[in-house]
Amino acid sequence: MKKEVRVRFAPSPTGALHIGGVRTALYNYLLARQQGGTMILRIEDTDQTRFVPGAETYIIESLKWAGITIDEGVGVGGPHAPYRQSERKEIYAKYAKQLIEQGDAYYAFDTEEELEQMRERLKAAGAEQQQYNSITRMQMRNSLTLSAEEVNKLMQDGVPYVIRLKVPRKEEIRLNDLIRGWVMVHSSQIDDKVLMKSDGMPTYHLANVVDDYLMKISHVIRGEEWLPSAPFHVLVYKFLGWENEMPQFAHLPLLLKPTGDGKLSKRDADQMGFPIFPMNWSDPKTGELAKGYKESGYLPEALINFLALLGWNPGNDQELFSMDELIQAFSLERINKAGARFDIQKAQWFNQHYLRQQSNEALAKAFVEELQKHNQTCDVAKAEKIMLIMKERITFVKDAWENGKFFFYTPEQYDTAVASKKWNADAVKVISEYATALKSTEVFDATTAKATLENTCVQVGIGSGKIMQALRLALTGMGAGPDLMMIMEIIGKEESILRLQKAINTLTVS
RNA sequence: GGUCCGUUCGUCUAGGGGUUAGGACACCAGAUUUUCAUUCUGGUAACACGGGUUCGAUUCCCGUACGGACUACCA
């Protein structure tokens, strides 16, 4: 019988959610939705030293914005609550104790200095690896080398200790990764990782396995950085007697820097001028504000489409996917093995595409909001008209403001290159006649503005093509832009005439 | 250093023992547009290298190189 699909996204609240984390969450979500399964959000806050206030809320909000909905977990609850690992301490302690009693784990009392000394000693001896493992553990201070009385004494005295897994000395550990196939590691290469820390909190390695088992997770979909420790996790499942219930693993390829080597980092993003976080994030420690995709003008559907295709493809030429289409088409088998370079240009292309698909009403609303940032007001009808003629030429809503300030301001300056080339006697003649003719128009819109212009040109005897650039210059101060007649309609009759006259008075004929 | 993972146009990728190695982004050119952008058409551009196996390998195998991840009482 097929197991119910239950997947989890399990971030640490150590800061803002990285864009790579959004992709991991997305792949989990897509599988869950496609299989009619459950998407769980678990917060892995076992490292109290790295806890960042606000991070958890940020993660939840970001997923929400991206359209990744959570069925069970922090923020929504569910049958396996609590979903915050710091609230599950006793559970992990119980299983750690079980491992100790079975003889598969042991107490270790070594101090940080002692561990450091061990590593240095091994390094000096030319050992290939400096690990706490089946060989070196016999030289350390733990419940394997100490007598029961000594161990009891140390514990009664309150000497801090950790619990380590007793990794077998000679064993081939195999795991079948859904993306990479069989991965085999010899147990001699694995160290006796800490399961329980001296503060009573579990490490990732224990908490992860225990929770995935208890929460009946069917697929562990996580970043490739976990692949090296996955065999260790298999061992833990085995010792706990959960080998048959072990989830399937899928280790995702990493997101790489746009140029150079290494995985994508905040530094790279900052340097190249693109966001690394889904939404704005102000670091509570430094107070530094990092701009998010949302605030930079990216549409969630564009970001999702872009991210989905970074490491996965449908096997055909389709590139545009709605969330529903992604859910339909997704499969773990079609995830790539190699890391994917992050190319922001492609993300921009997706944004341009999805922006155009938006209704003028929706765009107008976003535009009005953008205008507020610049202390500019605009009625909806005007905003809609502006978006109508600007939407084909912009990537972000804010571009409409950047490239369309003339909708709100009479030009103060004129593009000198265009002026010297196109502002001539003929142009001045037509434009001044045009201004006069416009005054007597009763109805003023793009159609009548155009008809009036054609009329004027015929009367003056100069082709309209010869003076359009000059007219554009007079109206917008620029040499390029959207349809002029629509611009006139939007700014209105009075303003249009005023601008024509101003240009005539300001610009000198070359 | 060790362990594990990987390698097709600049980038994301399809493909797969015999192909003109396909698509998308970016780039370039032409057409359309009064301008710019859009749109349309076209173009440049890739199987890391060396050995096998094979009639034949970019595709399968083995090495090498290169890249990445991990190597904490962090996740």
Side-chain angles (χ1 to χ4, degrees), chain A residues 10-14 44-47 49-50 85 108 110-112 115 119 123 126-132 160-164 177 179-181 183-186 188-191 193-205 207-208 222-231 251 253-254 256 258-263 306 309-320 334 336-350 352 356 389-395 399 403 418 422 453 463-473 476 478-484:
Chain A
S12 280
T14 55
E44 311 219 327
D45 55 348
T46 53
D47 185 355
T49 62
R50 294 207 306 159
Q85 290 186 328
D110 316 277
T111 63
E112 221 171 286
L115 290 170
R119 286 187 204 107
K123 207 171 173 181
E128 281 184 342
Q129 49 201 14
Q130 298 94 45
Q131 292 183 328
Y132 204 119
Y161 63 89
V162 299
I163 295 175
R164 288 180 182 271
D177 187 276
I179 295 171
R180 282 147 219 288
V183 175
M184 263 165 281
V185 182
H186 195 86
S188 62
Q189 301 297 331
I190 302 174
D191 63 336
K193 289 186 199 307
V194 171
L195 261 19
M196 289 293 280
K197 300 185 267 189
S198 56
D199 65 358
M201 278 289 191
T203 58
Y204 174 88
H205 306 293
N208 181 258
R222 72 222 311 186
E224 194 187 0
E225 67 268 28
W226 292 108
L227 192 53
S229 56
H251 288 95
L254 263 20
L256 271 20
T259 55
D261 310 322
K263 66 173 174 180
F306 167 63
L309 258 21
L310 228 43
W312 171 86
N313 74 82
N316 56 40
D317 287 344
Q318 187 177 351
E319 298 238 38
L320 267 3
R334 294 207 63 90
N336 270 356
K337 293 181 176 75
R341 275 219 151 79
F342 195 83
D343 179 14
I344 197 67
Q345 281 190 131
K346 190 105 183 197
Q348 288 169 353
W349 177 77
F350 276 115
Q352 184 184 320
R356 282 182 205 174
I389 58 172
M390 293 298 278
K391 74 191 283 189
E392 293 290 314
R393 42 209 313 129
I394 57 174
T395 300
D399 296 343
N403 304 329
V418 180
K422 304 285 183 181
L453 178 65
S464 65
K466 296 204 163 165
I467 54 88
M468 286 303 273
Q469 280 283 81
L471 184 60
R472 177 177 295 284
L473 187 73
T476 69
M478 307 196 297
D483 183 73
L484 265 183

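Throughout, a chain's letter reflects where its sequence line sits, starting with A, and its residues are numbered from 1.
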Asker: Set out, in order, the CA-CA distance, both residues' side-chain angles and the distance that settles side chain to side chain contact (heavy atoms under 4.5 Å, CB included) for A/Arg222 and A/Asn208, then state yes or no.
Answerer: CA-CA 12 Å; A/Arg222 72 222 311 186; A/Asn208 181 258; 3.3 Å; yes

Asker: In the strands shown, is B/rU53 matched to any nucleotide by a Watson-Crick or G-U wobble pair with both distances under 3.5 Å, and which?
Answerer: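 Partner of B/rU53: none found under 3.5 Å.
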
Asker: Can you tell me the distance, in whole Å, between the CD1 atom of A/Ile394 and the C1' atom of B/rA37?
Answerer: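 These atoms are roughly 11 Å apart.
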
Asker: Categorize A/Glu44 for me: base, sugar-phosphate, or nothing, with a 4.0 angstrom heavy-atom threshold over every strand shown.
Answerer: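 Sugar-phosphate contact only.
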
Asker: What is the ring orientation for A/Phe350 with A/Phe306, classed by angle as parallel under 30°, tilted 30 to 60°, or perpendicular over 60°?
Answerer: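 Ring orientation, 0 to 90° scale: tilted.
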
Asker: Using Watson-Crick or G-U wobble geometry with both distances below 3.5 Å, tell me the partner of B/rA14, or none.
Answerer: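 By the stated definition (distances under 3.5 Å), nothing pairs with B/rA14.
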
Asker: To the nearest Å, how far apart are A/Asp110 CG and B/rA72 C1'?
Answerer: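 So the CG-C1' distance, A/Asp110 to B/rA72, works out to 14 Å.
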
Asker: Quick one: A/Gln85 CD to B/rA75 C1', roughly how many Å, whole number?
Answerer: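 So the two atoms are 10 Å apart, to the nearest Å.
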
Asker: Just wondering, more than 12 heavy atoms not from A/Lys197 lying within 6.0 Å of its NZ?
Answerer: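 Enclosed.
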
Asker: For the P atoms, the ones on B/rA45 and on B/rA21, what distance do you get once it is rounded to whole angstrom?
Answerer: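 It comes out at 13 Å once rounded to the nearest Å.
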
Asker: Measure from the side-chain heavy atoms of A/Gln189 and tell me the nearest of B/rU35, B/rA75, B/rG2.
Answerer: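 Within the option list, the nearest is B/rG2.
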
Asker: For B/rC5 and B/rC9, measure between their P atoms and round to the nearest Å.
Answerer: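 So the two P atoms sit 23 Å from each other.
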
Asker: For B/rU19 and B/rA31, measure between their C1' atoms and round to the nearest Å.
Answerer: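 Rounded to whole Å, the distance is 32 Å.
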
Asker: Are a donor atom and an acceptor atom from the side chains of A/Tyr204 and A/Asp47 found within less than 3.5 Å of each other?
Answerer: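 No pair is found: no donor N or O on one side chain lies under 3.5 Å from an acceptor on the other.
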
Asker: The side chain of A/Val183 lies closest to which of these nucleotides: B/rU38, B/rG2, B/rC4?
Answerer: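 Ranking B/rU38, B/rG2, B/rC4 by closest atom to the A/Val183 side chain puts B/rC4 first.
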
Asker: Work out how far the P atom of B/rU7 is from that of B/rG16, and round it to whole angstrom.
Answerer: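 Taking atom P in both B/rU7 and B/rG16, they lie 15 Å apart.
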
Asker: Is A/Asn313 close enough to B/rA14 that one of its side-chain N or O atoms is under 4.0 Å from OP1 or OP2 there?
Answerer: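 So the side chain of A/Asn313 is within the cut-off, an N or O lying under 4.0 Å from OP1 or OP2 of B/rA14.
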
Asker: So how far is it from A/Asp483 CG to A/Arg472 CZ, rounded to the nearest 0.5 Å?
Answerer: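 The distance works out to 7.5 Å.
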
Asker: When you get a sec, tell me which of B/rU35, B/rU38, B/rC73 is the closest nucleotide to the side chain of A/Ser198?
Answerer: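 The nucleotide sitting nearest to the side chain is B/rC73.
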
Asker: Could you walk me through whether A/Arg341 and A/Leu310 pass side chain to side chain contact (heavy atoms under 4.5 Å, CB included), step by step?
Answerer: CA-CA 8 Å; A/Arg341 275 219 151 79; A/Leu310 228 43; over 6 Å; no

Asker: Starting at the 5' end of RNA chain B, which residue's closest nucleotide do you reach first, A/Ile467 or A/Ala338?
Answerer: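 Nearest-nucleotide comparison on RNA chain B picks A/Ala338.
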
Asker: Go through the steps to decide whether A/Asp110 and A/Tyr132 satisfy the test side chain to side chain donor-acceptor pair (under 3.5 Å), and finish with yes or no.
Answerer: CA-CA 11 Å; A/Asp110 316 277; A/Tyr132 204 119; 2.6 Å; yes

Asker: Mind checking the NZ-CZ spacing from A/Lys263 to A/Phe342? Nearest 0.5 Å is all I need.
Answerer: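 Here the interatomic distance stands at 15.0 Å.
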
Asker: What is the distance, rounded to the nearest whole Å, between atom CG of A/Asp399 and atom C1' of B/rU38?
Answerer: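 Answer to the nearest Å: 14 Å.
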
Asker: Measuring only the P atom in each nucleotide, how far is B/rC61 from B/rA24? A whole number of Å is fine.
Answerer: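 Between the two P atoms, the distance is 31 Å.
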
Asker: Could you identify the nucleotide paired to B/rU3, looking across every strand shown and requiring Watson-Crick or G-U wobble geometry with both distances under 3.5 Å?
Answerer: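 In the structure as shown, B/rU3 has B/rA69 as its Watson-Crick or wobble partner.
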
Asker: Using the P atom as the point on both nucleotides, what is the distance between B/rG23 and B/rG42, in whole Å?
Answerer: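 Their P atoms lie roughly 10 Å apart.
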
Asker: Between B/rC12 atom P and A/Ile344 atom CD1, what is the distance in whole Å?
Answerer: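 About 14 Å, once rounded to whole Å.
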
Asker: Treat primed atoms plus P, OP1 and OP2 as sugar-phosphate and everything else as base, then score nucleotides 57-69 of chain B 5' to 3': B for base contact with protein heavy atoms under 4.0 Å, S for sugar-phosphate contact only, - for none.
Answerer: ----------SSS

Asker: Please determine, for the side chain of A/Arg334, which listed nucleotide (B/rA75, B/rG15, B/rC5) has the closest atom?
Answerer: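 Nearest to the side chain of A/Arg334 among the choices is B/rG15.
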
Asker: Taking atom types as modelled, find out whether A/Arg180 and A/His251 have a side-chain donor-acceptor pair closer than 3.5 angstrom.
Answerer: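 Absent: no donor and acceptor within the cut-off.
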
Asker: What is the base-pairing partner of B/rU64, counting Watson-Crick and G-U wobble geometry with both distances under 3.5 Å?
Answerer: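 B/rU64 is paired with B/rA48.
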
Asker: Who passes side-chain hydrogen bond (donor to acceptor under 3.5 Å, both in side chains) against A/Asp399, sequence neighbours left out?
Answerer: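 For A/Asp399 there are no side-chain hydrogen bond (donor to acceptor under 3.5 Å, both in side chains) partners, ignoring immediate neighbours.
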
Asker: What integer distance in Å separates A/Lys193:NZ from B/rC70:C1'?
Answerer: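 Whole-Å distance recorded here is 8 Å.
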
Asker: Can you tell me how far C1' in B/rC12 sits from the matching atom in B/rC27, rounded to whole Å?
Answerer: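 Their C1' atoms lie roughly 16 Å apart.
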
Asker: At 4.0 Å (heavy atoms only), tell me whether A/Gly223 reaches a base, stays on the sugar-phosphate, or touches nothing.
Answerer: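 Since no nucleic acid heavy atom lies under 4.0 Å of A/Gly223, the category is nothing.
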
Asker: When you measure from the side chain of A/Val185, which nucleotide among B/rC74, B/rG6, B/rU3 comes out closest?
Answerer: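 Among the listed nucleotides, the one closest to the side chain of A/Val185 is B/rU3.
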
Asker: Would you indicate whether the side-chain heavy atoms of A/Pro202 and A/Gln85 approach each other to under 4.5 Å?
Answerer: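 The answer is no; the side chains never approach within 4.5 Å.
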
Asker: Which nucleotide sits closest to the side chain of A/Asn336: B/rA14, B/rU7, B/rA75?
Answerer: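 Minimum distance to the A/Asn336 side chain belongs to B/rA14.
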
Asker: CG of A/Leu471 versus C1' of B/rU35: gap in Å, rounded?
Answerer: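 After rounding, the gap between these two atoms is 12 Å.
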
Asker: Scan every strand shown for a Watson-Crick or G-U wobble partner of B/rA29, both distances under 3.5 Å, and answer none if you come up empty.
Answerer: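 By the stated definition (distances under 3.5 Å), B/rU41 pairs with B/rA29.
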
Asker: Specify the separation, in whole Å, of atom CD of A/Gln131 and atom P of B/rC4.
Answerer: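 Distance, rounded to whole Å: 12 Å.
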
Asker: Can a side chain N or O of A/Arg356 be found less than 4.0 Å away from OP1 or OP2 on B/rU39?
Answerer: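 For B/rU39, OP1/OP2 do have a side-chain N/O of A/Arg356 under 4.0 Å.
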
Asker: Measure from the side-chain N and O atoms of A/Asn336 to the backbone N and O of A/Ala338, and report whether any donor-acceptor pair falls under 3.5 Å.
Answerer: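 No: the side chain of A/Asn336 does not pair with the backbone of A/Ala338.
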
Asker: Which part of the nucleic acid, if any, lies within reach of A/Thr46 when heavy atoms closer than 4.0 Å are counted: base, sugar-phosphate only, or nothing?
Answerer: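 Sugar-phosphate contact only.
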
Asker: Would A/Lys123 and A/Glu128 count as a salt bridge (charged side-chain N to carboxylate O under 4.0 Å, His left out) if you check the C-alpha gap in whole Å, the side-chain angles of each, and the deciding distance to 0.1 Å?
Answerer: CA-CA 8 Å; A/Lys123 207 171 173 181; A/Glu128 281 184 342; over 6 Å; no

Asker: Would you tabulate the nitrogen or oxygen pairs shorter than 3.5 Å linking the protein to nucleotides 19-30 of chain B?
Answerer:
residue : atom : partner  : partner atom : Å
B/rA24  : O4'  : A/Glu319 : OE2          : 2.5
B/rA24  : O2'  : A/Glu319 : OE2          : 2.9
B/rA24  : O2'  : A/Lys346 : NZ           : 2.9
B/rA24  : N3   : A/Lys346 : NZ           : 3.2
B/rC25  : OP1  : A/Trp349 : NE1          : 3.4

Asker: Report yes if a side-chain nitrogen or oxygen of A/Arg50 is closer than 4.0 Å to either non-bridging phosphate oxygen (OP1 or OP2) of B/rA75; otherwise report no.
Answerer: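 No.
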
Asker: So which nucleotide from B/rU35, B/rA72, B/rG6 ends up closest to the side chain of A/Arg472?
Answerer: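 Of the candidates, B/rU35 comes closest.
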
Asker: What distance, rounded to whole Å, do you find between the two P atoms, one in B/rU44 and one in B/rU58?
Answerer: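 Approximately 23 Å lies between the P atom of B/rU44 and that of B/rU58.
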
Asker: The side chain of A/Thr203 lies closest to which of these nucleotides: B/rU11, B/rU13, B/rC74?
Answerer: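 So the nucleotide nearest the side chain must be B/rC74.
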
